[in-house]
Amino acid sequence: MSKIPELTTAEQQTLLAIMIQHPNAYGVSIRDEIRKRTDREYSFGSIYAVLERLEDKGLIASREGEATAARGGRKKQYFTVTALGQAALQASLRAVDAMRDGVEIEGTWAYA
Amino acid sequence: MLDRIIFIMRRVPVAVETVAIARHPSPRLWTFVFSLFVYAVVSLGCRAFGLSTLASISVAVGITWACPIPSFQKIAAVFQCATDLAIDGREKIHNPPALAEFLVGLFAKPKYRTSFLQCLDEDFRSDINAGMPLSRARWRYRAAALNSVGPQLWVAIKRIGVIGIVADYVRRKFGGA
């Protein structure tokens, strides 16, 4: 069995957005989903850099979609999370949960 | 070193072709501009690596000649196709800025280039459809393109090994021995 890779926050968010948007996860929908849920505005450059990294690690797979009507029919590229990607996401979120367990975050001191 | 140059040389025509196909311009103009660009880059690169003027010109002419220039027939065919489709005036006016598209096409990974440009285009069109003035939508496109080029450029720099090339040059120039 291949080793499960560790994930950054951006990678976690991207994987979750792909899973939420499945089977229609492409650049714009992934960006919008992350913005809607976290208020973070990622550029397409950042999104595609993360997607490239994830695909290189084998955590996501992509397929070409239908051509859009506008401007000579550029094709969308849809992404899906692979089994390894799901395992990596599970392990990563579990690690965060394990670290957070029992920690009380009051928050006020952080802005003092 | 040579494989790095070839790697860069092969990316440029694809980017040019992507934009050219989207915008259906004069194929002769694109080929000419592209050839000049390749010549200038190679020539300057050779000079930077200490080759003589004559050697630089020879290498630049050779690489420009050998470089896979965007296929004339392909662009001409797309041009013809676009004309046949009789795209109306509104469609032509609502094109995003060419330079911004070119920059994105240049630095995006070939595999994602089309979908990347499609995403930017979708944002641009939704701005227009929301009633935003065309000039503002175009400025927003430029900003989004520039914002997107940074991460892609960094990935490209790491992939091509530009840092290694610069380090090699500095070491050779100032390292002595």
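These figures come from a predicted structure and were not determined experimentally. Chain identifiers are assigned alphabetically (A, B, ...) following the order of the sequence lines, protein sequences preceding nucleic acid strands; residue numbering begins at 1 within each chain.
Contact count against chain B (heavy-atom pairs under 4.5 Å) is highest for Ser43(A) among Ser29(A), Ala49(A), Ser43(A).
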Under the side chain to side chain contact (heavy atoms under 4.5 Å, CB included) rule, what do Asp123(B) and Phe44(A) come out as? Steps first, then yes or no, please. CA-CA 11 Å; Asp123(B) 265 9; Phe44(A) 286 121; 3.4 Å; yes
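To the nearest 0.5 angstrom, Leu51(A) atom CG is 11.0 Å from Lys109(B) atom NZ. Atom CG in Asn147(B) sits 8.5 Å away from atom CD in Glu41(A) (nearest 0.5 Å).
When all heavy atoms of Cys119(B) and Gly27(A) are compared, the pair lying nearest together is SG-CA, 3.5 Å.
A donor-acceptor pair is defined here as one N or O able to donate and one able to accept, closer than 3.5 Å; such a pair exists between the side chain of Ser148(B) and the backbone of Gly45(A).
Note on Leu146(B): it clusters hydrophobically with Phe124(B), by side-chain heavy-atom contacts below 4.5 Å among ILVMFWY residues. Under a hydrophobic-cluster definition in which Ile, Leu, Val, Met, Phe, Trp and Tyr are linked whenever side-chain heavy atoms come within less than 4.5 Å, directly or via other members, Leu59(A) and Val96(A) are assigned to different clusters. Under the 4.5 Å side-chain heavy-atom criterion for ILVMFWY residues, no single connected hydrophobic cluster contains both Leu134(B) and Trp139(B). Note: the hydrophobic cluster containing Met132(B) does not contain Leu120(B) (ILVMFWY, side chain heavy atoms under 4.5 Å, direct or indirect links). Cluster membership check: Leu7(A) shares its hydrophobic cluster with Leu84(A), using side-chain heavy-atom separations under 4.5 Å among Ile, Leu, Val, Met, Phe, Trp and Tyr.
At a threshold of 4.0 Å, the pair Lys111(B)-Glu55(A) counts as salt-bridged, since one of the basic side-chain nitrogens sits closer than that to a carboxylate oxygen.
Only the side chain of Arg31(A) has a heavy atom closer than 4.5 Å to any heavy atom of chain B. Phe79(A) touches chain B through its side chain: at least one heavy atom from C-beta onward sits under 4.5 Å away, while N, CA, C and O do not.
In this structure, Lys76(A) and Thr114(B) have side chains that are not in contact, with every pair of non-hydrogen atoms separated by 4.5 Å or more. Side-chain contact check for Tyr26(A) versus Gln118(B): some heavy-atom pair is nearer than 4.5 Å.
Ring-plane geometry between Tyr48(A) and Tyr112(B) is classed as tilted, the angle between the planes lying from 30 to 60 degrees on a 0 to 90 degree scale.
More than 12 heavy atoms of other residues, nucleotides or ligands sit less than 6.0 Å from atom CZ of Arg35(A). Annotation: Arg140(B), atom CZ; neighbour count of heavy atoms from other residues, nucleotides and ligands within 6.0 Å does not exceed 12.
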